[in-house]
S.K.: 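Take a look at the following structure, please.
Quick caveat: nothing in here was measured; it's all calculated off a predicted structure. We count residues from 1, following the sequence as given. As a basis for the values below, the full set of heavy atoms in this structure was taken, side chains included, without hydrogen atoms, waters or symmetry mates.
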Amino acid sequence: MINTNDILETITMIQDECLDIRTITMGISLLDCCDSDIDKACEKVYNKITAKAKNLVAVGEQIEKMYGIPIINKRISVTPIAMICACCTERNPIKFALTLQKCADKCGVNFIGGYSALVHKGFSAGDLELINSIPEALAKTSNLCASVNVGSSRSGINMDAVKLMGEVVKKSAELTKDNNCMGPAKLVVFCNAPEDNPFMAGAFHGVGEPDCVINVGVSGPGVVRSAVSKHPDASIDEIADVIKKTAFKVTRMGQLVGSKASEMLGVPFGIVDLSLAPTPAVGDSVAHILEEIGLEQCGTHGTTATLALLNDAVKKGGVMASSHVGGLSGAFIPVSEDAGMIDATVDGTLSLEKLEAMTAVCSVGLDMIVVPGDITPDTISAIIADEACIGMVNNKTTAVRLIPAIGKDVGDSLEFGGLLGSGPVMKINKKSPAKFISRGGRIPAPMHSIKN
């Protein structure tokens, strides 16, 4: 039986605490679109995506009206395009990029992800062509997202790919400098990339996934912060219990929306991603949760421990609410997308080094961080290598989404708008890692990779 108090509580969460479904993402396999003729392959890609996802936005809007739950984004993820491009005699990935943009326009989705390559153990056919094309692809499209997986706990880290990605990130910023350096804001460099992630910019449809699937990403930092605020004198373990119960309620909403979307679209339901995804909106900040637990400001001593508590409690509550949990699942800390993180950065409380420490205990990694425009590609590569090693050694997903602010320095900011918010330029260490990065090769996998 539906409890009236539960209904009222949910209404309050939506109206006052910024609760929403951040995304329903349709994953589509393009493996059957492979063709030696690139133009025929692009035609197959267009026809399949627009057929499978033609009702995605409409169904999302119907569910919003049906349940009164905001669904902020409707998205598509596809098989890593490097794999499809590898089959073509003419390897020109830009043709696929423009095709994917046409699909996004036709279907009306917010983003389409999967302009991706998986190179954690080396480069195969199509990988280098795609990676080198990323800056141009992101400059020529508006809804396309790209990602590259450079390492894993089983294979180690491909340092040749890490070096290349430093150059790609910098070039992407330069090509989009007249558009707030938007290119690298849509580019993620992963270690241990998941195949079922519904969140952009890193979403792609893994080769182990079904032909078509619906994945859901929930959000609710404001709800968690509000719940914690009602227990000002609680002990740490009591706070953990409050967060677990709240995460359970938020995840149940994601399970409901995913199941309904699956039914209405006639495709399998995949996973719910438990990640607390913040926005620049007031009251929708992961940093503010940490401050509600007891920090004067996010970034001070104790931040990593508080974030570890939050992340663990969210996962424990969420897994009880859904039979299929996946994606990234935890707490995101994207600087430009989180009002509390922005304030802490501007005040000087939150540094790049502290953010790196925090990524050891939470989802993803150094996300939506604006750095000075004169940063060298080698330094970008070194930041990627540091973060990838945290993921490799800890057997978790980590990633880097850095935005070099061309022509700007510490004290300036970039305005992205929408969910991407605004990013203050963060200070970086100016000492050079060039010799380390130039060595190339592969950082070996840790001992715990030998599990069989």
S.K.: If you measure from CG on L328 to CG on L276, what distance do you get to the nearest 0.5 Å?
M.R.: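 With rounding to 0.5 Å, CG (L328) is 12.5 Å from CG (L276).
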S.K.: Considering all heavy atoms of both residues, which atom of C181 and which atom of I403 are nearest to each other, and what is their separation?
M.R.: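 The answer is O-CG2, 3.4 Å.
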S.K.: Look at the side chain of S262 and the backbone N and O of G258, then say whether any donor-acceptor pair between them is shorter than 3.5 Å.
M.R.: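 No; zero donor-acceptor contacts below 3.5 Å.
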S.K.: How about NZ on K430, more than 12 heavy atoms from neighbouring residues, nucleotides or ligands closer than 6.0 Å, or not?
M.R.: yes
S.K.: Do other residues, nucleotides or ligands put more than 12 heavy atoms under 6.0 Å from the CD atom of E415?
M.R.: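 Correct, the count exceeds 12.
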S.K.: State whether the side chain of R252 and the backbone N or O of A321 hold a donor-acceptor pair below 3.5 Å, judged by distance alone.
M.R.: yes
S.K.: Working to the nearest 0.5 Å, report the span between CD1 of I24 and CD1 of I63.
M.R.: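 I24 atom CD1 to I63 atom CD1 measures 5.5 Å (nearest 0.5 Å).
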S.K.: Just by distance, do the side chain of N158 and the backbone of R442 share a donor-acceptor pair under 3.5 Å?
M.R.: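 Flag not set: sc N158 to bb R442 has no pair under 3.5 Å.
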S.K.: Please give me the minimum heavy-atom distance between L295 and H301, naming the atom from each residue.
M.R.: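 Taking every non-hydrogen atom into account, CD2-O, 4.0 Å.
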S.K.: Whether the side chain of K435 engages the backbone of S432 through a donor-acceptor N/O pair (distance < 3.5 Å, no angle test) should be reported.
M.R.: no
S.K.: Tell me if a side-chain donor or acceptor on K427 pairs with a main-chain N or O of L352 at a distance below 3.5 Å.
M.R.: no
S.K.: Mind listing the closest non-hydrogen atom pair of D196 and G327 along with its distance?
M.R.: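 Heavy atoms of D196 and G327 come nearest at OD1-N, 2.9 Å.
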S.K.: Among T79, V78, L118, which residue satisfies the side chain to side chain contact (heavy atoms under 4.5 Å, CB included) criterion with F204?
M.R.: L118
S.K.: Going from CE on M26 to CG on L265, what distance comes out if it is rounded to the nearest 0.5 angstrom?
M.R.: 4.5 Å
S.K.: In the structure I gave you, are the side-chain heavy atoms of S285 and M341 within less than 4.5 Å of one another anywhere?
M.R.: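 A side-chain contact under 4.5 Å is absent here.
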S.K.: Is it true that the side chains of T397 and N192 contain a donor and an acceptor less than 3.5 Å apart?
M.R.: no
S.K.: Show your reasoning for whether side chain to side chain contact (heavy atoms under 4.5 Å, CB included) applies to M159 and I437.
M.R.: CA-CA 7 Å; M159 290 300 292; I437 296 301; 4.0 Å; yes
S.K.: Any side-chain heavy-atom pair from L130 and F96 closer than 4.5 angstrom?
M.R.: no
S.K.: What verdict does the side chain to side chain contact (heavy atoms under 4.5 Å, CB included) test give for V325 and K315, after you've listed the backbone C-alpha separation in whole Å, the side-chain angles of each residue and the deciding distance to 0.1 Å?
M.R.: CA-CA 9 Å; V325 171; K315 290 185 178 184; over 6 Å; no
S.K.: Examine distances only and state if a side-chain atom of D127 and a backbone atom of V119 form a donor-acceptor pair shorter than 3.5 Å.
M.R.: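 A pair under 3.5 Å: no.
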S.K.: Between K186 and T141 (side chain of the first, backbone of the second, donor and acceptor by atom type, cut-off under 3.5 Å), is there such a pair?
M.R.: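 At least one qualifying donor-acceptor pair exists.
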S.K.: Taking atom types as modelled and ignoring hydrogens, do the side chains of T304 and K354 form a donor-acceptor contact shorter than 3.5 angstrom?
M.R.: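 Distance-only check passes for T304 and K354.
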S.K.: How long is the gap from OG on S219 to CG on L274, to the nearest 0.5 Å?
M.R.: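 The OG atom of S219 sits 12.0 Å away from the CG atom of L274.
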S.K.: Return yes when atom NZ of K48 has more than 12 non-hydrogen atoms of other residues, nucleotides or ligands closer than 6.0 Å, and no otherwise.
M.R.: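 Yes - once you tally the heavy atoms of other residues, nucleotides and ligands closer than 6.0 Å, there are more than 12.
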S.K.: Could you tell me whether the side chain of L402 reaches within less than 4.5 Å of the side chain of P184, counting heavy atoms only?
M.R.: no
S.K.: Does K177 NZ have over 12 foreign heavy atoms under 6.0 Å away?
M.R.: no
S.K.: Going through the checks in order, is the side chain to side chain contact (heavy atoms under 4.5 Å, CB included) test met by T23 and M200?
M.R.: CA-CA 9 Å; T23 178; M200 298 295 171; over 6 Å; no
S.K.: So which atom in A104 and which in I112 form the shortest heavy-atom distance, rounded to 0.1 Å?
M.R.: CB-CG2, 4.0 Å
S.K.: Please find the pair of heavy atoms, one from S322 and one from Q255, that lie closest to each other, and give the distance.
M.R.: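 Heavy atoms of S322 and Q255 come nearest at OG-OE1, 2.5 Å.
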S.K.: In the structure I gave you, are the side-chain heavy atoms of D338 and I333 within less than 4.5 Å of one another anywhere?
M.R.: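 A side-chain contact is absent here, since even the closest heavy-atom pair is not under 4.5 Å.
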S.K.: Heavy-atom distance under 4.5 Å between the side chains of V150 and H120, does that happen here?
M.R.: no
S.K.: With distance as the sole criterion, is a donor-acceptor pair present between the side chains of S275 and D273 under 3.5 Å?
M.R.: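 Distance-only check passes for S275 and D273.
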S.K.: Give the minimum heavy-atom separation between P210 and S29, together with the two atoms involved.
M.R.: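 Heavy-atom minimum between the residues: O-CB, 4.3 Å.
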S.K.: With a 4.5 Å cut-off on side-chain heavy atoms, are V425 and L414 touching?
M.R.: no
S.K.: Can you tell me how far CD of E291 sits from OG1 of T300, rounded to the nearest 0.5 angstrom?
M.R.: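 The distance works out to 10.0 Å.
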S.K.: Between S116 and S147, do the side chains contain a donor N or O and an acceptor N or O under 3.5 Å apart?
M.R.: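 The answer is yes; a qualifying pair exists.
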S.K.: Listed by chain and number, what are the side-chain hydrogen bond (donor to acceptor under 3.5 Å, both in side chains) partners of N132, not counting sequence neighbours?
M.R.: none
S.K.: Report yes or no: is the cationic atom of K102 (NZ for Lys, CZ for Arg) closer than 6.0 Å to the six-membered ring centre of Y46, at no more than 45° off its axis?
M.R.: yes
S.K.: Looking at side-chain heavy atoms only, is the closest gap between N143 and D105 below 4.5 Å?
M.R.: yes
S.K.: Given 3.5 Å as the limit, does a donor-acceptor pair link the side chain of N311 with the main chain of V361, or not?
M.R.: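 Looks like yes, one N/O pair under 3.5 Å.
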S.K.: Measure from the side-chain N and O atoms of R401 to the backbone N and O of G202, and report whether any donor-acceptor pair falls under 3.5 Å.
M.R.: no
S.K.: For Q101 and S142, indicate whether the former's side chain and the latter's backbone hold a donor-acceptor pair under 3.5 Å.
M.R.: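 Yes, because the side chain of Q101 sits within donor-acceptor range (under 3.5 Å) of the backbone of S142.
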S.K.: A side-chain contact here means heavy atoms from C-beta on lying under 4.5 Å apart; do H324 and I271 qualify?
M.R.: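 They are in contact (side-chain heavy atoms under 4.5 Å apart), so the answer is yes.
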S.K.: Rounded to the nearest 0.5 Å, what separates atom NE2 in H288 from atom CZ in R225?
M.R.: 8.5 Å
S.K.: V400 and M165: side chain to side chain contact (heavy atoms under 4.5 Å, CB included), yes or no, with the steps?
M.R.: CA-CA 10 Å; V400 172; M165 288 313 300; over 6 Å; no
S.K.: Begin with the C-alpha distance, continue with both residues' side-chain angles, and end with the deciding distance and a verdict on salt bridge (Lys or Arg N to Asp or Glu O under 4.0 Å) for K140 and E136.
M.R.: CA-CA 6 Å; K140 287 185 173 180; E136 182 184 354; 2.6 Å; yes
S.K.: What I want to check is whether the side chains of T398 and E387 have a donor and an acceptor closer together than 3.5 Å.
M.R.: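 E387 and T398 do not have a side-chain donor-acceptor pair below 3.5 Å.
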